[in-house]
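Note sheet for the following structure.
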Protein chains: 2
Amino acid sequence: MPGDDGVRRSTVTINDVARAARVSPSTVSNLLNGRDERMRARTRRRVLKAMDELGYQPSRVARQLRTGVSHVIGLVVPSVANPFWGGLARVIEAEALGHGYQVLLCNSERRPDRERSYVEVLWADGVRTVVLGTSLPSLSHLVPVIERGLCLVAFDRESQPDDPPVVNVSVDNRLGARLVSSHLVSLGHRRIGFVSGPIATVSRRQRLAGYRDALAEARLPLDDKLVWAEGEPDGFGDVEGAELGREGMAALLSLPDPPTAVVAINDIYAIGAISAAQEQELSVPKDLSVAGFDDIALARLYNPPLTTVRQPLEDMARFVMDVVRKAHDTAPAAPSSIAVAPQLVVRASTGAPPRQRRQRAAPKRSA
Amino acid sequence: MPGDDGVRRSTVTINDVARAARVSPSTVSNLLNGRDERMRARTRRRVLKAMDELGYQPSRVARQLRTGVSHVIGLVVPSVANPFWGGLARVIEAEALGHGYQVLLCNSERRPDRERSYVEVLWADGVRTVVLGTSLPSLSHLVPVIERGLCLVAFDRESQPDDPPVVNVSVDNRLGARLVSSHLVSLGHRRIGFVSGPIATVSRRQRLAGYRDALAEARLPLDDKLVWAEGEPDGFGDVEGAELGREGMAALLSLPDPPTAVVAINDIYAIGAISAAQEQELSVPKDLSVAGFDDIALARLYNPPLTTVRQPLEDMARFVMDVVRKAHDTAPAAPSSIAVAPQLVVRASTGAPPRQRRQRAAPKRSA
DNA sequence: CTATTTTAGTGTATCGTTACAGCATAATCC
DNA sequence: GGATTATGCTGTAACGATACACTAAAATAG
């Protein structure tokens, strides 16, 4: 007799049900798969009863091996410790659950190698759909898996010229940045700064473009000294964002002619920027306006509550899951780009510019 | 010929490798499973080469079906949109990854029925280990699955008398609360409030007890009017926490003899509490001290930076994964409770009490 | 009353991997 | 030199579920 081994067997299988209902496993399977018109009502009842009595749960593993279809989708984000991605993870998970999917979570820490190895592991795991929260300008490191047939939905990233066939879902970053920037213009600001980490991602590029759009539209001069975009391209985590925001703001405030308002690349940076301003005894928004981007849960909780650009995450999650489901039902979705409209949220961190121009930032002195 | 069907076949299997290396699938399997001492070096090289050339990745699904062991663990938390749980999810995932595990993420939204149905789905999925971030006092809704053999590690919850056999990993909540409270005492505070949502969870109970310990130790009277613990037991989400914190603080401040310091049940509540104080033109910490609990990433970013109790998440995640791995290697881990030492983090939201007692809270007036 | 269709199921091979028994061949022993 | 042991690999039957081809029996047709 050929091998058998010490696998603990405690689960009830389709065969147990079949035996209990005195039918063949095929019949049980037929019932399970909605082919129950081909079955007498009595039989169906018998099987149902057996399933119930034995507490039968079909093994998804076996199912997946046989059918090749998986009900788990991968979600790769930079880090769920970051409230923006945490928020996304929650809404994606909720949407997925509603459609019978499970979510396998991966934190890439924004490293392309981890993105790639994760996606490979997911593939080996039978996962055929991955939602990738990334902003990397290139998706080339993922080409091999995509060619093998992986359905990739890129989030927070607008499509790029040389992209492999993927679906992109993101907010219209350029429009969003234009909205906040114009808001500041309409409050009367004429010198508006921009604080960002390195512009190493598509979305950041777009936001910067939107900021410039707004200034151009208002016929304000574009002063490159007002755009602070420094820091390490790689190591930008979560708290680091605030650190960079603080640095950037400090740099802009030490300019001979500092800005009266600042657009931050996102809410975390905005928070850092505000604390830098406050260290110099500047009051936000009285002496200086600061706006963020994303509208994380914290934005309205902060002190002062942040003016920001809201990403409609729920809607976006719904789009993502639509794509996922279509890809499962029919052919792989055609490569496309969905840009969702952002929404300006005005709170207390922005206001009219101070009447009198501030002195050149000498700490402990204000207007 | 019996049925075959339209499953798309594109993956390279163990058989392809075997054929390419001119050996049997068994040999490839042997190599894969570390039984390669029983194999000539030449053969091993040939197989390795074939695997490499074909880009072979063993199917985890097939493996799991055959061996019954799963390398994915479930992580059920109230909501990753909450920064505390998001932070935990990240460190758990990192630890898991380091040991070859994947993490399936589930947001229970703190509903027992969802906890249960998730755990059932995970079981059907072949997941045999679940880390449950919960604080529900009872685990009785999970007894059936635990009896089937699920290894459950409960996080942020100290063990309770009637618990099913689970391992608990949590911070020593009581000690933590005692630490912050004593810190406030040592700053000179004599009337110290406590702001919490409903004390419906084990950890909250413990924190309240720790607060009382500290007061007793300092021979300060326990005034129940200083303990605010209201709100809906069910619907306490993420932002809601701040809302409750704000409400609670407002209530305490309207007392005839309001506290000079407040311990909040966690950092989110503390943030809400601070904003309530600021609405009444009270400055934190000058007029009023507020401390939190958890030390979420935001705590040091807030304005003012929060004095709080740090949960050493990395250490705790390591403990959790130790348990998980032991449960896989050997017998199921013995039920136990690990309470990790918390750490007081003093920042700027706490200070000495104001010299002169404040007036009975009439808005727009301060000391 | 035989021929055809429908109904209500069953049998079998298969998804990719694994553990063990089995079995040639080569090496070692007395 | 024949028996024994070690070495190196292969064959087989599962793990649990599924889809199709198939088939007895019942229903309908002519």
Side-chain angles (χ1 to χ4, degrees), chain A residues 1-19 21-47 51 54 56-71 123-126 128, chain B residues 1-47 50-51 54 56-71 123-126 128:
Chain A
M1 227 152 298
D4 225 14
D5 27 273
V7 175
R8 64 168 169 287
R9 193 153 341 291
S10 61
T11 20
V12 22
T13 77
I14 201 172
N15 296 292
D16 301 327
V17 175
R19 212 170 307 125
R22 321 195 121 264
V23 294
S24 76
S26 302
T27 301
V28 182
S29 172
N30 283 338
L31 180 53
L32 245 32
N33 291 64
R35 277 183 290 272
D36 54 339
E37 349 70 67
R38 298 219 162 279
M39 183 180 313
R40 254 179 306 183
R42 295 175 39 208
T43 316
R44 184 193 359 260
R45 273 198 304 274
R46 249 196 358 254
V47 175
M51 299 208 310
L54 297 173
Y56 170 66
Q57 287 286 109
S59 152
R60 302 234 193 191
V61 177
R63 268 191 166 168
Q64 188 185 335
L65 178 59
R66 183 61 242 250
T67 64
V69 322
S70 165
H71 66 292
W123 176 268
D125 245 328
R128 293 294 170 267
Chain B
M1 229 154 297
D4 225 11
D5 27 276
V7 175
R8 62 170 168 286
R9 196 156 337 291
S10 63
T11 22
V12 22
T13 77
I14 201 173
N15 297 293
D16 302 327
V17 175
R19 213 171 306 126
R22 319 195 124 268
V23 293
S24 78
S26 301
T27 301
V28 182
S29 171
N30 283 338
L31 180 53
L32 243 34
N33 291 67
R35 277 183 290 273
D36 55 339
E37 348 71 66
R38 298 216 162 277
M39 185 180 309
R40 257 180 301 183
R42 294 176 38 208
T43 316
R44 182 187 6 257
R45 273 197 304 275
R46 246 194 3 252
V47 175
M51 298 208 313
L54 297 173
Y56 170 66
Q57 287 287 109
S59 152
R60 303 234 193 190
V61 178
R63 270 193 165 169
Q64 187 185 337
L65 179 59
R66 184 63 243 249
T67 64
V69 321
S70 165
H71 66 291
W123 176 268
D125 244 329
R128 293 294 171 266

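Just the heavy atoms: all of them, side chains too, but no hydrogens, waters or symmetry mates, feed the values below. All values derive from a computational prediction rather than experimental measurement. We name chains A, B, ... by the order of the sequence lines, and we start the count at 1 in each one.
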Checklist entry - Which of the following nucleotides, C:dT17, D:dA17, D:dT10, is nearest to the side chain of A:Thr13? => result D:dA17
Next on the checklist: So which atom in A:Val23 and which in A:Thr43 form the shortest heavy-atom distance, rounded to 0.1 Å?
Outcome noted: CG1-CG2, 3.9 Å
Next on the checklist: Taking the nucleotide of DNA chain D with the nearest heavy atom to each, does B:Ser24 or A:Tyr56 sit closer to the 5' end?
Outcome noted: B:Ser24
Item to check | Heavy-atom donor-acceptor pair, A:Gln64 side chain to A:Gly126 backbone, under 3.5 Å | outcome: yes
Item to check | Rounded distance in Å - CZ (B:Arg38) to C1' (C:dC20) | outcome: 13 Å
Checklist entry - So, is B:Thr43 close to the D:dC9 phosphate, meaning a side-chain N or O under 4.0 Å from OP1 or OP2? => result yes
Checklist entry - Between atom CE in B:Met39 and atom P in C:dT25, what is the gap in whole Å? => result 20 Å
Next on the checklist: Between B:Arg38 and B:Asn30, does the side chain to side chain contact (heavy atoms under 4.5 Å, CB included) criterion hold? Intermediate values first, please.
Outcome noted: CA-CA 9 Å; B:Arg38 298 216 162 277; B:Asn30 283 338; over 6 Å; no
Item to check | Candidate nucleotides D:dA19, C:dG16, C:dG9, ranked by approach to the side chain of A:Arg35 - the nearest | outcome: D:dA19
Next on the checklist: Under the rule for salt bridge (charged side-chain N to carboxylate O under 4.0 Å, His left out), what residues qualify as partners of B:Arg63, not counting sequence neighbours?
Outcome noted: none
Next on the checklist: What is the distance, to the nearest angstrom, from the CE atom on B:Met51 to the C1' atom on C:dG16?
Outcome noted: 15 Å
Next on the checklist: Tell me the interatomic distance from A:Arg60, atom CZ, to D:dC15, atom C1', rounded to whole angstroms.
Outcome noted: 18 Å
Checklist entry - With side chains defined as the heavy atoms from C-beta onward, is the minimum distance between B:Leu32 and B:Ile14 less than 4.5 Å? => result yes
Next on the checklist: Please report the distance, rounded to the nearest Å, between CG in A:Leu65 and P in D:dA19.
Outcome noted: 13 Å
Checklist entry - Where the side chain of B:Arg46 meets the backbone of B:Ala21, is there a donor-acceptor pair that is under 3.5 Å apart? => result yes
Checklist entry - Taking atom P of C:dT10 as reference, at what distance in whole Å does atom CD1 of A:Ile14 sit? => result 12 Å
Item to check | Nearest-angstrom distance from the residue atom CZ of A:Arg45 to C1' of C:dA8 | outcome: 15 Å
Checklist entry - When only distance counts, do a donor and an acceptor, one from the side chain of B:Arg66 and one from the base of C:dT17, lie under 3.5 Å apart? => result no
Next on the checklist: Can you measure A:Arg63 atom CZ to D:dA19 atom C1' for me and round it to whole angstrom units?
Outcome noted: 13 Å
Checklist entry - Contact class for B:Val61 vs. all strands (heavy atom < 4.0 Å): base, sugar-phosphate, or nothing? => result nothing
Checklist entry - Considering residues, nucleotides and ligands other than B:Arg22, do more than 12 of their heavy atoms fall under 6.0 Å from its CZ? => result no
Next on the checklist: Starting the side chain at C-beta, find the nucleotide from C:dT17, D:dG8, D:dA17 nearest to B:Pro58.
Outcome noted: C:dT17
Checklist outcome for this item: Sorted by number, residues from residues 26-33 of chain A placing a heavy atom under 4.0 Å from DNA chain C are A:Ser26, A:Thr27, A:Asn30
